[in-house]
Chemist: 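Would you mind keeping the following structure in view while I ask a few things?
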There are 2 protein chains.
Amino acid sequence: MRISALAAAADVPLATVKYYLREGLLHPGTATSATQASYDETHVRRIRVIRALTGPVGLSVQQARTILGLIDDPGVDLYATLGRAVGALPPSVEAPTSDDPDPFPRARAALAALGQVYDPQFAAVAQLEAALAATEAAGMPLSDDRLLEYGRRLREIAAFDLERMPHEPHAAVEYTVLGTALYEPVILALRRLAHQDVASRRELG
Amino acid sequence: MRISALAAAADVPLATVKYYLREGLLHPGTATSATQASYDETHVRRIRVIRALTGPVGLSVQQARTILGLIDDPGVDLYATLGRAVGALPPSVEAPTSDDPDPFPRARAALAALGQVYDPQFAAVAQLEAALAATEAAGMPLSDDRLLEYGRRLREIAAFDLERMPHEPHAAVEYTVLGTALYEPVILALRRLAHQDVASRRELG
DNA sequence: TGTGATTGGATAGTGTTACTCTCCAATACT
DNA sequence: AGTATTGGAGAGTAACACTATCCAATCACA
């Protein structure tokens, strides 16, 4: 398959395929001559993953490159790999100043209330802190009972996710990293739709 | 309070306050002379909401303007207002061609499986369709049991949200619109952290 | 009452991002 | 033989969220 066939198969403009190659999101084809290379199904699949990540998931090309890099070449430690992947996911928050004795007061309190263990280095802690700070700044702080409700339901979802994790290490990384990112838009859409469903039932009942 | 005091109180650059005024995200102060206007606490709060929406929630200035406009001036119909608000939230998906007999096959099947009623005009339907299409394109389609699990937990969360909705109409709009947007980053962060917590318990146990 | 700072407002400039366009010489097809 | 397409490089573009510069009209204080 030549580059124009690849572009057609993945349904993206040729110039965009060239752009992904240049940016290192897409692995080069195997060169068959000085001005020709051939591409295969792995390239088509890769482009589809790139579009999924930069589209619904909302990643920048830079973030997508990081995520894809982790899948292609995961470290030995699945936990550390997932940590790096979560750090690349939006919302990106900058690391706190290292001399701050309590950089995440809201997140710390919330996780304590939930009884959850966590690694303060994990990017999601800073993300939770920023999200909680935003709710307060906007005048709608997260109440304790809401935190408990959300935390409980999301832990049930997380437990389900982990039950389905493949055993083979490479597949596990791909499942975990892509599953974290790809299912998030589904979760948000389902909550928005559930609001509508619950509201309509309440009106009628 | 003059404009520089407002900028200091809300902790944003003065030039940015002027930008928000120009873009219509922030209501003008009351003019006290040809070159002076005075601002109050409502302006400070508004800027905080703007920063919350354009920061952790990840809205563009354009999207934030739409959301804020709906809160300021909601229609008589809460349902329609929420629908418009959800349409302004990312991920933005374009409306399907009107002559397509079945524009949302995946979302339709998913909502049928969940037994949920929905309005096909509701933007979240198109968002769910795009999110499901992305999972398939990336080679990780959402299985039926996962859909059921996610749908059930999110409906529980949605029911909780609605229970806490204020009765006064204006407060209800603000709660619903801001609550949908502001709590989403919290939900994603909590899922990411729950993965870590559940995984660590599993290893130890 | 002078005088330096600040104001609201308008206009233009900046850096980033995700493409998109244009060229090019070197093949490939017919 | 001649037209078309290729991979690759470079520059261009449009949108975005500020940010900087100006300006004449006040204002605040000495």
Side-chain angles (χ1 to χ4, degrees), chain A residues 1-40 43 46-68 88-92 94, chain B residues 1-40 43 46-68 88-92 94:
Chain A
M1 192 190 304
R2 287 168 302 174
I3 197 171
S4 57
L6 171 61
D11 195 30
V12 287
L14 176 59
T16 303
V17 175
K18 289 183 173 186
Y19 171 65
Y20 291 156
L21 284 166
R22 229 179 314 159
E23 292 299 312
L25 292 157
L26 185 60
H27 47 293
T30 56
T32 60
S33 86
T35 65
Q36 219 92 1
S38 91
Y39 303 87
D40 57 30
H43 294 89
R46 178 56 87 107
I47 291 176
R48 296 222 172 97
V49 175
I50 295 169
R51 299 301 273 206
L53 292 178
T54 59
V57 179
L59 299 192
S60 69
V61 164
Q62 164 77 267
Q63 292 166 328
R65 179 172 32 223
T66 302
I67 297 287
L68 291 168
L89 257 29
S92 353
E94 69 283 10
Chain B
M1 191 191 303
R2 287 168 302 175
I3 197 171
S4 57
L6 172 61
D11 195 29
V12 287
L14 176 59
T16 303
V17 175
K18 289 184 173 186
Y19 172 65
Y20 291 156
L21 283 167
R22 232 179 315 159
E23 292 297 313
L25 279 88
L26 184 60
H27 48 295
T30 56
T32 59
S33 86
T35 65
Q36 218 94 0
S38 91
Y39 303 88
D40 57 29
H43 293 88
R46 178 58 88 105
I47 291 176
R48 296 224 173 95
V49 175
I50 295 169
R51 299 300 277 207
L53 292 178
T54 59
V57 179
L59 299 191
S60 69
V61 164
Q62 164 78 267
Q63 292 165 329
R65 178 171 35 222
T66 302
I67 298 287
L68 291 168
L89 256 31
S92 358
E94 69 284 8

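In what follows, chains are A, B, ... by sequence order, proteins preceding strands, each numbered from 1. Just so it is clear, the structure is predicted and the values come from calculations on it, not from any experiment.
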Chemist: B:T66: which residues meet the side chain to side chain donor-acceptor pair (under 3.5 Å) condition with it, sequence neighbours left out?
Modeler: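 Scan of B:T66 (side chain to side chain donor-acceptor pair (under 3.5 Å), adjacent residues dropped) gives none.
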Chemist: Could you give the CG-to-P distance, from A:L14 to C:dA18, as a whole number of Å?
Modeler: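 Rounding to the nearest Å, CG of A:L14 and P of C:dA18 are 20 Å apart.
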Chemist: Excluding sequence neighbours, so at least two apart, what forms side chain to side chain donor-acceptor pair (under 3.5 Å) with A:T32?
Modeler: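 A:T32 satisfies side chain to side chain donor-acceptor pair (under 3.5 Å) with no residue once adjacent residues are dropped.
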Chemist: Check whether more than 12 heavy atoms from other residues, nucleotides or ligands sit under 6.0 Å from atom CG of B:D11, and answer yes or no.
Modeler: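 It does not: B:D11 CG has 12 such atoms or fewer within range.
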Chemist: Could I get the full list of side chain to side chain donor-acceptor pair (under 3.5 Å) partners for A:R46, not counting sequence neighbours?
Modeler: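 Checked A:R46 against side chain to side chain donor-acceptor pair (under 3.5 Å); matches are A:D72.
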Chemist: Working to the nearest 0.5 angstrom, can you tell me the gap between B:I47 CD1 and B:T16 OG1?
Modeler: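 B:I47 atom CD1 to B:T16 atom OG1 measures 9.0 Å (nearest 0.5 Å).
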Chemist: Using 0.5 Å steps for rounding, measure from the CG atom of A:L68 to the CG atom of A:L59.
Modeler: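 Taking CG in A:L68 and CG in A:L59, the distance rounds to 9.0 Å.
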Chemist: Which whole-number value in Å describes the distance from B:M1 CE to C:dT7 C1'?
Modeler: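 For the pair B:M1 CE and C:dT7 C1', the rounded distance is 16 Å.
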Chemist: Output one line per pair: protein atom, nucleotide atom from nucleotides 27-30 of chain D, and distance, for all N/O pairs under 3.5 Å.
Modeler:
residue	atom	partner	partner atom	Å
D:dC27	OP1	B:S33	OG	3.0

Chemist: In whole angstroms, how far is the P atom of C:dT11 from the NZ atom of B:K18?
Modeler: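 Distance, rounded to whole Å: 14 Å.
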Chemist: Measure CD/A:E23 against C1'/D:dA9 and give the value in whole Å, please.
Modeler: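 Result: 13 Å.
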Chemist: Output one line per pair: protein atom, nucleotide atom from nucleotides 16-19 of chain D, and distance, for all N/O pairs under 3.5 Å.
Modeler:
residue	atom	partner	partner atom	Å
D:dA17	OP1	B:V61	N	3.2
D:dA17	OP2	B:V61	N	3.4
D:dT19	OP2	B:T16	OG1	3.4
D:dT19	O4	B:R22	NH2	3.4

Chemist: Could you state the CG-C1' distance from B:L6 to C:dT7, rounded to the nearest angstrom?
Modeler: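 B:L6 atom CG is separated from C:dT7 atom C1' by 13 Å.
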Chemist: With ring pair (Phe, Tyr, Trp, His ring centres under 6.0 Å) as the rule and sequence neighbours excluded, what pairs involving residues 14-34 of chain A come up?
Modeler: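 Checked against ring pair (Phe, Tyr, Trp, His ring centres under 6.0 Å) - neighbours excluded - the pairs reaching residues 14-34 of chain A are A:H27-A:H43.
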Chemist: For B:Q36 and B:S33, indicate whether the former's side chain and the latter's backbone hold a donor-acceptor pair under 3.5 Å.
Modeler: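 Not at all, since once roles are kept as given, no pair shorter than 3.5 Å links the two residues.
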